[in-house]
Amino acid sequence: MTDPLATVASRLAPLFADLADGVDAEVRAAVADPVVRPSNRADAQVNGALPLAKALGANPRDIAQRVLDKRPLVGIAGAEIAGPGFINITFDDDFIAAELSAVVDDDRLGVHRAERPEIVVIDYSAPNVAKEMHVGHLPSTVIGDSLVRIHTFVGHKVIRENHIGDWGRQYGMLIEHLVDLGAEPGTHLSVGDLDAFYKEANVKLEQDPEFLERSRRRVVLLQSGDPETTALWTSLVDVSTEHFNRVYDLLGVLLTDDDLAGESRYQPMVPDVLTRLEAAGLLTESDGALVVFPPGFTNREGEPLPLIIKSRSGGFNYATSDLACVIDRVERVGANRMLYVVGAPQAQHFQMVFAVARMAGWLPAEHDAGHDPAVHVAFGNVLGADRKMFRSRSGESVKFIDLLDEAVERARAAVGEKHADLPDGVKGHVARAIGIGAVKYAQLSTDRMRDSVFDWDRMLSFDGNTAPYLQYAHARICSIFRRAEVERASVRGSATALASEHERALALAILSYDAAVWDTLDTLSPHKLCTYLYDLASQFTTFYEHCPVLRADDDATRQSRLVLCDATASVLGHGLGLLGIDAPEQM
RNA sequence: GCCCUCGUAGCUCAGGGGAUAGAGCAUCGGCCUCCGGAGCCGUGUGCGCAGGUUCGAAUCCUGCCGAGGGCGCCA
């Protein structure tokens with residue numbers, strides 16, 4: 001734990017707790033928090049004396065003074081009481097320097113591990129078989145990938161699940177269409193354009209009664225496990241996953257075929273869901289369907305809203321397989337926690353599924369950390385510059401692969417223009433890092449609950465809170481070392497002196513990485529990490545502007561500043577890595 | 001009709017009980033022979049509205065307005 005604010009908090013907390021001793025137990029928990037926050041008047045400020053004084057009926061400044069009388073921050077920081085009872089904290093330079101060298105030496109860059117590692121299932125991406133991936137899959141795929149990386153980094157065991165849509169009534173028509181195209185079971189398909197394929201099948205379904213009937217029969221065959229039908233279905237899934245993998249490879253996310261956990265996988269467990277709900281006495285018949293009524297949900301007429309387990313026609317729908325999923329993840333996988341990275345419109349669905357799972361006693365116990373065992377990590381839409389759903393000029397949804405190709409092309413043009421002398425091989429790699437990074441970062445850098453606006457020029461800009469800006473900062477630092485002909489690792493044991501405010505500010509920013517990562521994790525909000533990295537890069541730019549590194553006045557200063565450069569680059573590179581974004585050494 | 005999410009500067013977004021609300025872009029004005037000018041400094045404007053809780057509210061609560069979404073057998 002290198003977050004300096006956390007260090008202060010840990011020193012002050014017992015003292016606040018002591019003073020709060022006489023307070024009613026219920027309010028004590030809240031009032032004993034020192035409330036250490038960043039400040040624009042000092043390195044940090046402690047606000048906890050005010051509420052504590054209120055609870056004790058005492059003077060806040062007196063409370064603050066009694067805390068400081070114990071001299072809890074010796075060797076860490078100076079403190080003075082300000083205003084109505086704030087404690088302003090100014091860290092000792094020696095303390096910052098010591099913490100910094102610890103971070104520089106640490107391959108975790110100061111980020112502490114989870115105290116209690118958990119098994120975390122993260123459900124994300126979830127494209128549909130026989131359809132091309134489109135922009136709509138961007139948020140889930142990119143946010144999910146980042147959450148996977150961050151959870152893994154702090155020591156959780158992460159189970160990636162790509163809950164692809166590979167089951168349902170539409171597979172009857174798709175398989176029949178395959179048959180019409182002359183497909184043999186087991187042969188390798190090359191369905192050129194998945195979207196066109198899907199549309200063709202759909203047209204036939206609407207126009208050809210004979211085809212419709214065949215499709216219906218085919219659904220039954222599929223559900224009953226007919227070998228030939230299953231083989232055709234499998235080839236359809238295979239050609240789709242090949243397409244998914246092309247997207248994932250170009251995008252640079254961790255998903256592989258091993259992570260595929262389509263709806264089909266959970267079909268065999270569906271009867272068990274029914275049995276268990278029945279045994280728990282939760283199942284009700286309503287309008288011919290078997291349902292569960294979780295309390296608190298109502299329909300348009302104000303009547304109780306059911307979660308439908310088995311439809312009137314005898315079919316199961318996605319609520320049922322989602323419940324099967326919960327059971328599987330908790331009982332077979334051993335999940336302590338499940339994250340569903342799925343769009344906000346499905347909020348009510350997940351609330352109901354979680355409610356029913358809880359009623360049935362299937363959810364894991366909540367941990368002491370207080371977080372929910374099942375969380376819908378919701379996000380808003382991707383909008384165009386016109387604030388409407390982002391679409392191509394022809395009004396179609398934009399294909400994911402086209403989007404990524406365009407991103408790389410645009411980045412290639414920018415790189416060619418600005419750094420024409422890069423070797424071609426490097427240029428291609430850099431173009432990809434910048435283009436893909438720009439798309440990912442644009443998605444990750446805003447609060448996921450808000451709709452995001454897709455704007456090529458803004459996301460590819462080298463100014464502002466963008467991937468290229470961060471990548472540039474990183475590359476520029478790498479170039480300092482190249483120019484100096486110094487190995488970055490070689491400076492890591494050197495002493496640092498924080499002579500100027502800019503060096504201090506940069507060092508403190510580096511030390512905040514721990515807090516930034518954990519804040520991101522606690523709120524499942526990658527944009528907090530983005531904001532931090534942008535702030536770090538800005539601090540670096542300011543530092544670099546004011547503090548000559550290679551032209552420093554003396555060797556010790558130069559060496560000290562090289563340490564700051566190295567640490568900054570390490571955190572930038574690592575932080576971008578947690579977002580799933582590459583940081584080239586030159587660009 | 002009920003429920004959920006969102007509303008912060010001209011634009012795109014941070015900040016989500018703490019003192020004087022920040023950044024980028026755009027505007028305007030300066031600076032610097034610059035260790036990668038993909039630079040630096042300055043400049044103006046803002047918390048949708050109204051109540052409430054609190055020592056303290058952009059932040060929490062209620063109502064209203066506005067935008068989007070959801071509300072029984074699709075996923």
Side-chain angles (χ1 to χ4, degrees), chain A residues 35 37-41 45-48 50-51 53-54 60 82-86 88 126 128 163 165 167-170 263 286-291 293 296-319 321-322 343-349 351 378-381 383 385 387-389 414 417-419 442 445-447 449-453 455 457-459 461-466 468-469 472-473 475-480 482-484 523 527-528 530-531 534-535 538 541-542 544-552 558 561 565 586-587:
Chain A
V35 193
R37 295 289 135 87
S39 174
N40 50 9
R41 311 178 169 236
Q45 63 183 53
V46 181
N47 304 329
L50 282 79
K54 180 75 179 173
F86 302 110
N88 286 341
N128 289 312
H163 199 68
W167 203 250
R169 247 171 272 166
Q170 68 273 30
E263 291 165 56
S286 174
D287 290 345
L290 292 177
V291 308
F293 288 103
F297 297 90
T298 56
N299 67 11
R300 232 179 282 266
E301 283 71 45
E303 299 156 350
L305 186 67
L307 189 68
I308 293 167
I309 306 301
K310 186 177 187 181
S311 73
R312 191 166 31 204
S313 61
F316 299 100
N317 47 25
Y318 77 140
S321 79
D322 278 352
Q346 302 208 40
Q348 182 175 261
H349 167 71
Q351 279 173 22
F379 52 83
N381 294 317
L383 305 181
R387 284 246 141 217
K388 294 181 178 165
M389 292 293 280
E417 182 184 313
K418 283 166 175 160
H419 203 155
S445 60
T446 62
D447 186 327
M449 281 308 291
R450 288 172 57 137
D451 293 344
S452 58
V453 175
D455 180 336
D457 291 335
R458 193 151 36 78
M459 72 176 72
S461 167
F462 286 79
D463 293 305
N465 189 9
T466 67
Y469 176 78
Y472 171 69
R476 199 161 139 198
I477 296 171
C478 292
S479 123
I480 295 169
R482 274 197 302 276
R483 178 175 293 257
T523 55
H527 84 276
K528 296 194 184 234
C530 296
T531 302
Y534 177 58
D535 181 61
S538 305
T541 305
T542 305
Y544 195 53
E545 189 67 29
H546 292 92
C547 304
V549 176
L550 299 183
R551 299 175 182 174
R558 173 181 146 125
R561 289 176 179 171
C565 288
Q586 51 181 326
M587 55 189 276

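Worth knowing before you read on, the calculation uses all heavy atoms, side chains too, and leaves out hydrogens, waters and symmetry mates. A quick note: this is a predicted structure, and the numbers were derived from the prediction, not measured. Proteins come first, then strands; the chains are lettered A, B, ... in the order of their sequence lines, and each starts at number 1.
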According to the interplanar angle, ranging from 0 to 90°, do the rings of Tyr318(A) and His349(A) count as parallel (below 30°), tilted (30 to 60°) or perpendicular (above 60°)?
-> parallel
If the sugar-phosphate is the primed atoms plus P, OP1 and OP2 and the base is the rest, what is the B/S/- string for nucleotides 23-30 of chain B, using protein heavy atoms under 4.0 Å?
-> SSS-----
dist Asp322(A):CG -> Gln346(A):CD (nearest 0.5 Å) comes out at 8.0 Å
Could you tell me whether the phosphate oxygens of G18(B), OP1 or OP2, come under 4.0 Å of any side-chain nitrogen or oxygen in Arg37(A)?
-> yes
Which pair of heavy atoms, one from Ala475(A) and one from Gln586(A), lies closest together, and at what distance?
-> CB-CA, 4.0 Å
Using a cut-off of less than 4.0 Å, is there contact between a side-chain N or O of Arg450(A) and OP1 or OP2 of G7(B)?
-> yes
Test salt bridge (Lys or Arg N to Asp or Glu O under 4.0 Å) applied to Asp455(A) - qualifying residues, sequence neighbours left out = Arg458(A)
Protein-nucleotide distance (Gln586(A), atom CD; C35(B), atom P), rounded to Å | 19 Å
What's the spacing between Asp447(A) CG and Lys528(A) NZ if we round to 0.5 Å?
-> 8.0 Å
Inter-nucleotide C1' distance (G15(B), G7(B)), Å rounded = 15 Å
Separation between the P atoms of C61(B) and U54(B), rounded to whole Å | 16 Å
Under 4.0 angstrom, heavy atoms only, what part of the nucleic acid is Ser479(A) near: base, sugar-phosphate, or nothing?
-> base
Correct closest heavy-atom pair for Asn128(A) and Gly165(A) would be OD1-CA, 3.5 Å
So what does Ala552(A) touch, heavy atoms closer than 4.0 Å: a base, only the sugar-phosphate, or nothing?
-> nothing
Judged by nearest nucleotide, the residue sitting upstream toward the 5' end of RNA chain B, Ser445(A) or Pro548(A), is Ser445(A)
Touch class at under 4.0 angstrom, heavy-atom based, for Cys478(A) against every strand present = nothing
Quick one: is Lys388(A) getting a side-chain N or O under 4.0 Å of the G68(B) phosphate, OP1 or OP2?
-> no
Reckon Met587(A) touches a base, only the sugar-phosphate, or nothing at all at heavy-atom distances under 4.0 Å?
-> base
With sugar-phosphate meaning primed atoms plus P, OP1 and OP2, does Pro51(A) contact a base, only sugar-phosphate, or nothing at under 4.0 Å between heavy atoms?
-> base
Name the nucleic acid region contacted by His349(A), choosing base, sugar-phosphate or nothing; use a 4.0 angstrom heavy-atom cut-off, strictly under.
-> nothing
Would you indicate what Val35(A) reaches in the nucleic acid, counting non-hydrogen atoms under 4.0 angstrom: base, sugar-phosphate, or nothing?
-> nothing
Distance between the P atoms of G17(B) and U62(B), in whole angstroms?
-> 16 Å
Rounded to the nearest Å, what distance is computed from the NE2 atom of residue His546(A) to the P atom of nucleotide G39(B)?
-> 15 Å
Which of C73(B), C35(B), C40(B) is nearest the side chain of Glu545(A)? It is C40(B)
Quick one: on RNA chain B, does Thr531(A) or Tyr544(A) contact a more 5' nucleotide (nearest heavy atom)?
-> Thr531(A)
Rounded interatomic separation in angstrom, taking CZ from Arg169(A) and P from C73(B) | 11 Å
When rounded to whole Å, the CZ to C1' distance for the pair Arg300(A) and G69(B) reads 13 Å
Using a 4.0 Å heavy-atom cut-off across all strands, classify Asn299(A) as base, sugar-phosphate, or nothing.
-> base
What is the distance from atom CG of Asn47(A) to atom CZ of Phe86(A), rounded to the nearest 0.5 Å?
-> 5.5 Å
Could you give the CG-to-C1' distance, from Asp287(A) to G72(B), as a whole number of Å?
-> 8 Å
Base-paired stems that RNA chain B participates in, counting runs of 3 or more Watson-Crick or G-U pairs under 3.5 Å = B:1-7 with B:65-71, B:10-13 with B:22-25, B:28-31 with B:39-42, B:48-52 with B:60-64
May I ask you to say what Ala344(A) touches in the nucleic acid, namely base, sugar-phosphate or nothing, with a heavy-atom cut-off under 4.0 Å?
-> nothing
Polar side-chain atom of Arg450(A) near backbone of Gly380(A) as donor-acceptor pair, under 3.5 Å = no
Separation of C40(B) P from Tyr469(A) OH (nearest whole Å) | 7 Å
Take the protein atom CZ of Arg561(A) and the nucleotide atom P of C35(B), then report the distance between them rounded to whole Å.
-> 15 Å
Contact class for Asn128(A) vs. all strands (heavy atom < 4.0 Å): base, sugar-phosphate, or nothing?
-> nothing
Taking atom P of C6(B) as reference, at what distance in whole Å does atom CG of Asn381(A) sit?
-> 14 Å
Sugar-phosphate, base or nothing in reach of Asp457(A), heavy atoms under 4.0 Å = nothing
Give one of base, sugar-phosphate or nothing for Val453(A), where a contact means two heavy atoms less than 4.0 Å apart.
-> sugar-phosphate
Say whether, by atom type as modelled, one donor and one acceptor occur between the side chain of Thr531(A) and the main chain of His527(A) under 3.5 angstrom.
-> yes
Touch check for Ala475(A), heavy atoms < 4.0 angstrom, all strands: base, sugar-phosphate only, or nothing?
-> base
Verify side-chain contact (heavy atoms from CB on, under 4.5 Å) between Phe293(A) and Ser286(A), making sure each step is shown before the conclusion.
-> CA-CA 10 Å; Phe293(A) 288 103; Ser286(A) 174; 4.0 Å; yes
Could you state the interatomic distance from OG (Ser538(A)) to OH (Tyr469(A)), rounded to the nearest 0.5 Å?
-> 4.0 Å
Return no unless some side-chain N or O of Arg387(A) is found under 4.0 Å from OP1 or OP2 of U12(B).
-> yes
Have a look at Leu305(A) and say if it touches a base, only the backbone sugar-phosphate, or nothing, with a 4.0 Å heavy-atom cut-off.
-> sugar-phosphate
Smallest separation among heavy atoms of Asn465(A) and Tyr534(A), with atom names = OD1-CB, 3.3 Å
